[in-house]
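Worksheet for the structure shown next.
Reminder, nothing fancy here: chain letters follow the sequence lines and each chain counts from 1.
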2 protein chains.
Amino acid sequence: MLTSSDNKSELFLGIDGGGSKCKAIVMNKDNEILGTGISGPGNPLHGFEQATNSITESAKMALEDAGMPDTPLSDLVAGVGLAGVNLPVLFDKMAEWQHPFKQMFLATDLLIACLGAHQGNDGAVMISGTGSCGFSCIDDEEFIIGAHGFPHGDKGSGAWFGLQAAKQVLLSLDGVVSPSIMNDVLLAKLNCKDDTELVEAIAGKVATYYAQLANLVFDAAEQSDKIALGIVEEGAEYINSIARTLLAKQPPRISMIGGLTPRLKPWLAKDIQAQLAEPLSPPEVGAVLFARKTLAKQQQK
Amino acid sequence: MLTSSDNKSELFLGIDGGGSKCKAIVMNKDNEILGTGISGPGNPLHGFEQATNSITESAKMALEDAGMPDTPLSDLVAGVGLAGVNLPVLFDKMAEWQHPFKQMFLATDLLIACLGAHQGNDGAVMISGTGSCGFSCIDDEEFIIGAHGFPHGDKGSGAWFGLQAAKQVLLSLDGVVSPSIMNDVLLAKLNCKDDTELVEAIAGKVATYYAQLANLVFDAAEQSDKIALGIVEEGAEYINSIARTLLAKQPPRISMIGGLTPRLKPWLAKDIQAQLAEPLSPPEVGAVLFARKTLAKQQQK
């Protein structure tokens, strides 16, 4: 017979904390979605306080959305997937968090994304959102390629596309490279009248700022703008490389995920596009699957 | 007959405030150097407090070096050349500074560099230090190309070379591009054992951090490393473009200045190298020349 305490243990929280937002989902033991929440950045790379606040806040919102506003966070078994915790120093910092949950299982955003895409099964994912990378989890062995961050890495990501646009537009306004459709579009989007204002607007900006500029590169490329085509082809070529590296590991399934997928996928090599499977669930569901998997392993011991 | 007050008016301070350091020089009415000082970053882009502190501190050091530690800053007519004040918002902020000097004449780091290189006369300069750009001042008309900042601009600068190195090394360690001599050198320089540690080391780093990595790109290029050669050729090609744009304005003299000059100059196009004249004085002397020029104009009115 289930006791009241057993019942409580069957509420799961899934967290997907990225550079721009933190998503939460509450699910029951039958993997039914009870409610969802969304808050600010959940990447501890940009601040531990911000990340932990976003996690707590989005969890409370998900409980409220589920019609369970009085359920304490201490009733939830949490799977928490975070960007940035592939760096040991950030993993340790987050693992030491005096979290408010019944239990917390910490994973990278990559692992929960992969588990979500393949419903808890083995597989691989290419991710292009604010950042970019490739990841596979096969026979409990994890493999990462990319995920280096901005501005030194994350080629083929939204932030990378936006930064390339800004760079090429500045060179073009200086007459060093040929004119581009993007020049006027970028200036208008950022409310700038010339390159001096543009430099002021973008000085010191972070990845999420640049990611909002990615779409205009694809818009221009689709109008055959040479500069934009060069950027899109270079970005797509990098994601192709990621895909080929992952495919060499013979994953049962491979998916492409992340906010830039609809724009970037059509530019990938045809043979790669043909092998891409639709992701089955979002990363926050993957976080719940991760928590349940890890909990089951602990209980087996 | 000169009064005591007249005597004091003939002490000049020159300031060259860049992203990594602030240089000061005290000169007399005969343009003789009395003393010099050097302190931390003087670029208001990275903080108004930091910049104004660096300026004041380096000025006091220059007075001390001149054997005049009791001379108040209010005796000095200051020419202040600062990186960043090409942006109107930063120029206005610095112009509103309640400075401690008798008078302050504010200019861009580019103008004082150009005036210094050509001893107060018309001319043009290509600059590659932490940042990069081209500048000319001919018949009182100033022209800038580049100077866009990091990481979106400043191609061919120390920061740009360092960032390209980090990017290519990360891609190479991932197997996406071919191996490079730079891989081991960069890891060793930053005390990292693998790409994960490298990503941790460089996360969120500023231009001055990357600029310290520039030399290893040239070292590798000189050993015919393909990846490094690609970076050096791309950077040199941009500085060539800057030079050609400046030469089209027919400056009486053109020089290349900035900390990367000794490494980068041999990689420029031969016809450009042949036209480069040695810079005559450093930018902080140019700042004094700027102050004296502006003062003379005011007194003519």
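For NZ of A/K205, the number of neighbouring non-hydrogen atoms (other residues, nucleotides, ligands) closer than 6.0 Å is greater than 12.
The two residues B/I145 and A/D174 have their closest heavy-atom pair at CG1-OD2, 3.3 Å. Across all their heavy atoms, B/L170 and A/H152 have their closest contact at CD1-CD2, 3.8 Å. Annotation for A/P88 and B/E200: closest pair CD-OE1, 3.1 Å, computed over non-hydrogen atoms.
Chain B forms the most heavy-atom pairs under 4.5 Å with one residue out of A/T245, A/L198, A/D195, A/L171, and that residue is A/L171. Among the candidates A/G84, A/G146, A/A147, the residue making the largest number of heavy-atom pairs closer than 4.5 Å to chain B is A/G146.
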Requested in this report: Carefully, step by step, assess A/I202 and B/H148 under the rule side chain to side chain contact (heavy atoms under 4.5 Å, CB included).
Outcome: CA-CA 10 Å; A/I202 64 181; B/H148 295 142; over 6 Å; no
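Both the backbone and the side chain of A/L87 come within contact range of chain B, each with at least one heavy atom under 4.5 Å from a heavy atom of that chain. Heavy-atom distances place the side chain of A/V176, and not its backbone, under 4.5 Å from chain B. Only the backbone of A/N86 comes within less than 4.5 Å of a heavy atom in chain B; its side chain stays farther off. In this structure, the portion of B/S241 lying under 4.5 Å from any heavy atom of chain A is its side chain and not its backbone.
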